[in-house]
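Each remark here refers to the structure printed beneath this line.
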Amino acid sequence: MENLRQALKLLFLQKSPQEILGKWSKGGSADAEIDREDLRLRYSDDYRAFTLDQSDCAYQHLRNVWMHAPDNSVLHFAGRGAGADKQGTVFNVLLHFAGEVLLETNGAPVCRYEHLLRWNDLTACLGEDIFTTSFLAAKDELSGTKRQNYCWPVVIGHDNRALNELFRHKMSDLHFHLKGSSVNFELNWMSLMNKTFGWSNTFGMLARHQDSSPVYEENAGQMPLYLYVVKAAAIRVLLFDFLSGNKEIFSCPSKHSTGLQGLVWRTLNAADITEVQYSARLLDDVIQSFRNTIGHRYRGTDGSELIPDYAITDRNTQYLQGIDRLLSVLSGERWLLYQIFRGIYAGKWSNRHLNSLFYAYLAIKTKFRAEIIQHNNRAGFDNFNIYEKRKSLFIPDGSVYDGLLAQLAVCEFLGQGKKRFLEARIAPKHSGKRLKRAIRGVNSNVSRSHFIDKETAQKIDGRYSLTLHFIKQKDPDAHSRVLFRCRQAELRKKVYQEALAIRDVRRDSFFSQRGQIRGIDAANSEILTRPEVFAQAFRFLRNELRTDAQYPNSLGLTYHVGEDFLDAVDGLRAVDEVLTFMGFHNGDRLGHAIVLGIDVRNYYAKRHNILIIPLQVLLDNVVWLYHKGQDLPRFCRVRRELEILYETTYRKVYGTDKNSDGIRPSLWDYYQSWLLRGDNPDTRLLRRNDSEYCSDIFRFKAGNGYWHAFDLNPTSDSILARKNDVARKLYYDYHYNRKVKERGARTEQVSLSDELVAHIADVQEKMLCEIERQNICIECNPTSNLLIGQIEGYRHHPILRFHNHGLNLNLPPHAISVSINTDDKGIFATSLEREYSLLALALEKEFAKEKENPPRTIYEWLDQIRKMAAEQRFR
């Protein structure tokens, strides 16, 4: 099965569409003629466990077995029966996998639970529709079934009865970014297939390809991705015209063709963007004609009509109710794939040119998909951020697809039952007026009557809320010579304005939808921005809204932290900064926080205990670690190592071992200066004297209410630190001393002793205990954490360290309140049910030979987490 998956990735993801179209133009059968040397080299390059000779065996097996029909099968393979085609086809390879992994339940495809991990791995690369439509087409052809409904879930389910019963109970998705949690690839693709002209500049923004397959390295200069997509649109129109006209013989376009086939031939033979632009205009005319004459018109209660895809016809949308009506927007593409697959498996299409064009279409589609759906092997938030910026790149604002982004994200989950709830995250705005407009827009899109009926709208009503997340961003003044500007000055001003906007909207009794705002957050890469920047806004909003008569004390706090970090101590310190500067307590939540659950010893061992890190970060980490771990048993053995690191690093950042006043700051002085970072750097108490000019960030005081009442962190430790003149001077230099900032940005290579690494692990365990005692919750996002973090697999996910009550594991016992969520499910191609199921199956496989954790124990553990998620909701 593993070798079969590798072969499918090579055939449908890494196969060059240019090569396929080249064979088609020469009259060859691209789906049957697989280049031996090309596949052999790709196999051995991509899967290092194979030698060239072993790769040759894989090629022979592909040619002789997987591309042909098996002797016994419940599916109708191409070439099956008397007079069978002996050439074989790559489309049979899909069935060898799908036949083992899929089955049909109540008219919809589901995955066999025992194969869910490999299904998830492969479909993350190729998508699910290529397998579900081919499987159902081959199954229906054998049974003679006439299929009418193509509205199965975006992420299909499985056949594990116990887990499916668990999913019938109350389910809550608490970490759910709205615009990244829809069917993002499908809507981007639909948008491109229904309007091909005018995307040249937008595709220029994809200069950094995320797909790691060699086709881009070899052919990017010859065949830009936009050119590929226009060719795919031309093939799709031709195939749709063929299927709609019920033609028995597929006529292959040639340079002598006229009409639509002539247009398709010119498009497929275009060599550059300039040449294809003219064809794209004409292609759009054909597409619009199909949309207006054949495409299904979704009618709203206001009488308006929307046509999302010309391939969605009335025959695919008859008698649909409930959530199926919304999912029918995917039926056009699924119907087209299904019909072509069925004709191929039935041997209905005698002209092999159709097979080649269809193969090219699938190859282009998976290539484009790799630019929208994250499945590459690069870790870190910077890699994810590239995908995040593309999530709606080809969806014009105000278009039918823009509205569907929000509606599919919310309704596809909530529409499955009344016991579901989600917290959707959106970015705040700079003014209350703009924020109100954004909230109205979300609600309007979610409840749009074109795609859901009244019953579905009632199911959804009141079961989703909004969490507004401030956006972390890089400091443009980090290396600036501008005087008297604190760190992150521009972002602090932006956060100030957005906090006032949130406060104003929540206090506006005339705004009926104000109660939907139930929480605040800060998202994006934490390496760009420390929690200190948002501390005042979090304190202000929590306390300012306590006096709201209708929604008293109802604004929940959560914060993205410990997800991506420069080293483990940096991540742990960031978590502590959230707790210390923002006053997190019982019921507040941490987003991700995987740094609290990773194996610290293994983390540093992979790096040979060597760090390369900015000096300012190193200095802060050393001082924080020194004081955080003073009460731990190993501290006496690492104390001198930390003191030496502090002394050497301090000199490199500040230029001398004494400050400008001739005082040598102690570790305690520096630690107290760190405690002050939760304060507003512009406050008078932190200036050296009242006459000194400081930044003008907060000179905009009109209507700011009690903003300045929260300038200072009210904890007793911070109050004590403000009495330390040396600490205040260090804090001032941290923000305003240009030389300190420049020197602190330089990097340093540091080697850590094994004893210090063990001490870091002790500090991590201490923090877990503190979070557990304070009943602070952690939002876990398994697939997101695996792809962004550096976790080796679902069975190693930190959730097992956070909450292992009921499981027999060789880990310290903890019962931290946790939840399982999806994060950006449209970018990670997942669902909430899939997240639970992947964890369950990974643990079952881990303990398959042991008796300590049988499946029922694992399911009960997951059910505890499901119940905790319901308790953690911001109400």
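Nothing fancy with the numbering, it's 1 onward along the sequence.
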Ring-face cation of Arg873 near Phe421 (centre distance under 6.0 Å, axis angle within 45°) |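 Geometry flag: set, cation within 6.0 Å and 45°.
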Row check, Tyr603 ring normal vs Arg607 NZ/CZ: under 6.0 Å, within 45° =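 Yes, a cation-pi geometry holds between Arg607 and Tyr603.
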Determine, stepwise, if the pair Arg677 / Asp620 fulfils salt bridge (Lys or Arg N to Asp or Glu O under 4.0 Å).
-> CA-CA 11 Å; Arg677 293 187 188 175; Asp620 296 342; 2.8 Å; yes
Take Asn201 and Tyr226 through the side chain to side chain donor-acceptor pair (under 3.5 Å) test and state the conclusion after the steps.
-> CA-CA 10 Å; Asn201 292 335; Tyr226 181 33; over 6 Å; no
I need the [X] [atom1] to [Y] [atom2] distance, nearest 0.5 Å.
X: Ile594; Y: Ile791; atom1: CD1; atom2: CD1; answer: 4.5 Å
X: Leu405; Y: Asn445; atom1: CG; atom2: CG; answer: 9.0 Å
X: Leu787; Y: His375; atom1: CG; atom2: NE2; answer: 10.0 Å
X: Ile613; Y: Gln616; atom1: CD1; atom2: CD; answer: 11.0 Å
X: Asn821; Y: Glu835; atom1: CG; atom2: CD; answer: 9.0 Å
X: Gln14; Y: Thr366; atom1: CD; atom2: OG1; answer: 10.0 Å

Under the side-chain contact (heavy atoms from CB on, under 4.5 Å) rule, what do Thr783 and Tyr794 come out as? Steps first, then yes or no, please.
-> CA-CA 8 Å; Thr783 298; Tyr794 290 97; 2.8 Å; yes
For [X] and [Y], work out which heavy atoms get closest and say how close.
X: Phe167; Y: Ser837; value: CZ-OG, 3.5 Å
X: Leu618; Y: Glu748; value: CD2-CG, 4.3 Å
X: Met171; Y: Tyr836; value: CE-CE1, 3.9 Å
X: Ala523; Y: His177; value: CB-CE1, 4.1 Å
X: Lys472; Y: Leu491; value: CA-CD2, 4.4 Å
X: Phe802; Y: Cys780; value: CD1-SG, 3.8 Å

State which residues pass side chain to side chain donor-acceptor pair (under 3.5 Å) with Gln374; sequence neighbours excluded, sorted by chain then number.
->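 Gln374: no side chain to side chain donor-acceptor pair (under 3.5 Å) contacts found.
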Return the set of residues passing side chain to side chain donor-acceptor pair (under 3.5 Å) with Glu577 (not counting sequence neighbours), or none when no residue passes.
-> Arg530, Arg573, Trp674
Taking the side chain as every heavy atom from C-beta outward, state whether [X] and [Y] have any atom pair closer than 4.5 Å.
X: Ile502; Y: Leu435; result: yes
X: Leu596; Y: Pro798; result: no
X: His803; Y: Met868; result: yes
X: Glu532; Y: Gln488; result: no
X: Leu572; Y: Trp624; result: yes
X: Trp861; Y: Ile799; result: yes
X: His430; Y: Glu498; result: yes
X: Val410; Y: Leu178; result: yes

Would the distance check show the side chain of [X] and the main-chain N or O of [Y] forming a donor-acceptor pair, the cut-off being under 3.5 Å?
X: Gln872; Y: Cys777; value: no
X: Asp824; Y: Ile827; value: no
X: Lys391; Y: Glu388; value: yes
X: Arg369; Y: Ala124; value: yes
X: Asp823; Y: Ser784; value: no
X: Ser191; Y: Phe394; value: yes
X: Asn120; Y: Leu116; value: no
X: Asn194; Y: Met190; value: yes
X: Arg487; Y: Thr529; value: no
X: Ser399; Y: Ile395; value: no

Step-by-step side-chain contact (heavy atoms from CB on, under 4.5 Å) determination, Trp199 to Leu393 = CA-CA 10 Å; Trp199 294 106; Leu393 197 57; over 6 Å; no
Phe381 and Ile527: CA distance, side-chain angles, deciding distance, side-chain contact (heavy atoms from CB on, under 4.5 Å) verdict = CA-CA 9 Å; Phe381 197 92; Ile527 294 175; over 6 Å; no
Side chain to side chain donor-acceptor pair (under 3.5 Å) between Asn785 and His592, intermediate numbers included | CA-CA 7 Å; Asn785 296 153; His592 303 290; 3.0 Å; yes
Show your working on side chain to side chain donor-acceptor pair (under 3.5 Å) between His814 and Glu765 and close with a plain yes or no.
-> CA-CA 10 Å; His814 285 292; Glu765 180 62 24; 2.6 Å; yes
Return each pair, listed once, that meets salt bridge (Lys or Arg N to Asp or Glu O under 4.0 Å) where at least one residue sits in residues 776-793; pairs must be two or more places apart or across chains.
->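 Qualifying pairs: Arg425-Glu779, Arg589-Glu779, Lys606-Glu792.
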Which pairs, with at least one residue in residues 171-187 and sequence neighbours excluded, count as a salt bridge (Lys or Arg N to Asp or Glu O under 4.0 Å)?
-> Lys179-Asp402
For Leu611, what residues pass the side-chain contact (heavy atoms from CB on, under 4.5 Å) criterion, not counting sequence neighbours?
->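 Only Asp567, Tyr604, Leu752 meet the side-chain contact (heavy atoms from CB on, under 4.5 Å) criterion with Leu611.
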Determine whether the aromatic ring centres of Phe368 and Tyr228 lie less than 6.0 Å apart.
->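 No, ring centres 6.0 Å or more apart.
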Look at Arg518 together with Glu423 and state whether they make a salt bridge at an N to O cut-off of under 4.0 Å.
-> no
Run the numbers on Phe384 and Tyr387 for ring pair (Phe, Tyr, Trp, His ring centres under 6.0 Å), then give the verdict.
-> CA-CA 5 Å; Phe384 162 76; Tyr387 287 101; 7.8 Å; no
Enumerate the residue pairs fulfilling side chain to side chain donor-acceptor pair (under 3.5 Å) with a member in residues 404-416, sequence neighbours excluded, ordered by first and then second residue.
->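 Checked against side chain to side chain donor-acceptor pair (under 3.5 Å) - neighbours excluded - no pair reaches residues 404-416.
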Stepwise side-chain contact (heavy atoms from CB on, under 4.5 Å) test for Ile610 and Val750 = CA-CA 6 Å; Ile610 295 175; Val750 181; over 6 Å; no
Consider only side-chain N and O atoms of Glu563 and Asn781, and report whether a donor and an acceptor are under 3.5 Å apart.
->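 Side chains of Glu563 and Asn781: no pair found under 3.5 Å.
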Check against ring pair (Phe, Tyr, Trp, His ring centres under 6.0 Å), His469 and His560 = CA-CA 9 Å; His469 59 74; His560 281 64; 7.1 Å; no
